[in-house]
There are 2 protein chains.
Amino acid sequence: MKDLNSEYQCAIDLVIDVIGGKWKVLILWNLNEGVKRFNELKRSLPNITQKMLTQQLRELEEHGLVSRKVYQEVPPRVEYSTTDMGKKLQATLFEMCKWGDEYAEQKGIAMNRCWTSYNFMEK
Amino acid sequence: MKDLNSEYQCAIDLVIDVIGGKWKVLILWNLNEGVKRFNELKRSLPNITQKMLTQQLRELEEHGLVSRKVYQEVPPRVEYSTTDMGKKLQATLFEMCKWGDEYAEQKGIAMNRCWTSYNFMEK
DNA sequence: TATCCTAGTTACCGTTTGGGAACCTTAGGA
DNA sequence: TCCTAAGGTTCCCAAACGGTAACTAGGATA
């Protein structure tokens, strides 16, 4: 698990540590739609494994970007949502997505249109 | 080397492939200052190894974000700069950096102020 | 009694990523 | 004759990352 204790040269450095990897920004992007349960999130992220989803959610929680609410029920119910700090990443993710779309178009890369926040953010 | 041939679910997915990893955004962020030679870049990126810098630059070049100009001289001179597509990433990197600064402040994480484009972009 | 449900955990294992160190090239200078 | 400079390449190794499959809890349902 990333520790964030090291000295960063630059904020960009830090951002890479916090949201780097294959899944984190995808998870956050999904959560920007609103509160989601574990399996709901899992369905939204094609190919993610249970293990990876749990692991990444734990790290996001530990770094204060996602919050986790457990209901004492059986079968279990756990809801995930973004924290304020997590929500503030929206602007970044939005810019990423815009650039990605433009890049894909220029390169002729096929893509299913974004399945999430993009449209509503475009507004 | 990343191939970008797979089917992406979303632009975010694609962006992660293109600028993911430990060094790429750092390199791009540095190049936003302007044209730089290999060793100049190397000095700007504390701890990067020659191998990683070359490798990452090659991938950025292949993906059309960076262009490489070789002068036929001895000792060699090679200049790197961002392409138009690379320059368009500035907005994204800027958002990243802003968020990173805010996050660092909230978490009390020590950091040397950004050594690059940040200030001039803030303008 | 057996099975299903959700949200996990655990052990194991292969791939990828990143790093260190040595080597290469070729002209000019000491 | 040897060294230096700049921009690499190559080989080898370790750690991180990510995936598979099996197992868990405990109440509800058939």
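The analysis underlying the following values was restricted to heavy atoms, covering all of them including side chains, and did not include hydrogens, waters or symmetry mates. Throughout, a chain's letter reflects where its sequence line sits, starting with A, and its residues are numbered from 1.
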The single option from A:Glu79, A:Arg37, A:Arg77 passing side-chain hydrogen bond (donor to acceptor under 3.5 Å, both in side chains) against A:Tyr71: A:Glu79
Distance-only polar pair, side chains of A:Asn32 and A:Lys87, donor-acceptor under 3.5 Å: no
Side-chain donor-acceptor contact under 3.5 Å, A:Ser67 with A:Thr83: no
Within less than 4.0 Å of OP1 or OP2 of [N], is there a side-chain N or O belonging to [X]?
| X | N | result |
| --- | --- | --- |
| A:Tyr80 | C:dG8 | yes |
| A:Arg37 | C:dA7 | yes |
| B:Lys51 | D:dC11 | no |
| B:Arg58 | D:dT9 | yes |
| B:Arg68 | D:dG7 | no |

First of A:Gln56 and B:Gln55 reached from the 5' end of DNA chain D, by closest nucleotide: B:Gln55
Starting from [atom2] on [N], measure out to [atom1] on [X] and report it in whole angstrom.
| X | N | atom1 | atom2 | answer |
| --- | --- | --- | --- | --- |
| A:Lys22 | D:dG19 | NZ | C1' | 9 Å |
| B:Tyr71 | C:dA27 | OH | C1' | 19 Å |
| B:Trp23 | C:dG19 | CH2 | C1' | 10 Å |
| B:Leu53 | D:dA6 | CG | P | 14 Å |
| B:Glu73 | D:dT4 | CD | P | 22 Å |
| B:Gln72 | C:dT25 | CD | C1' | 12 Å |
| A:Ile48 | C:dA7 | CD1 | P | 14 Å |
| B:Lys42 | C:dG19 | NZ | P | 12 Å |

From the options [options], select the nucleotide whose nearest atom is closest to the side chain of [X].
| X | options | result |
| --- | --- | --- |
| B:Phe38 | C:dC5, D:dG7, C:dG18 | D:dG7 |
| B:Thr54 | C:dT26, D:dG7, D:dT9 | D:dT9 |
| B:Val74 | C:dT6, C:dT26, D:dG7 | C:dT26 |

Shortest non-hydrogen contact from B:Asp101 toward A:Ala11: OD1-CB, 3.4 Å
Minimum-distance pair of heavy atoms, taken over all atoms of A:Ser44 and A:Lys36: OG-NZ, 3.1 Å
Donor-acceptor pair under 3.5 Å, B:Gln50 side chain vs D:dG7 base: yes
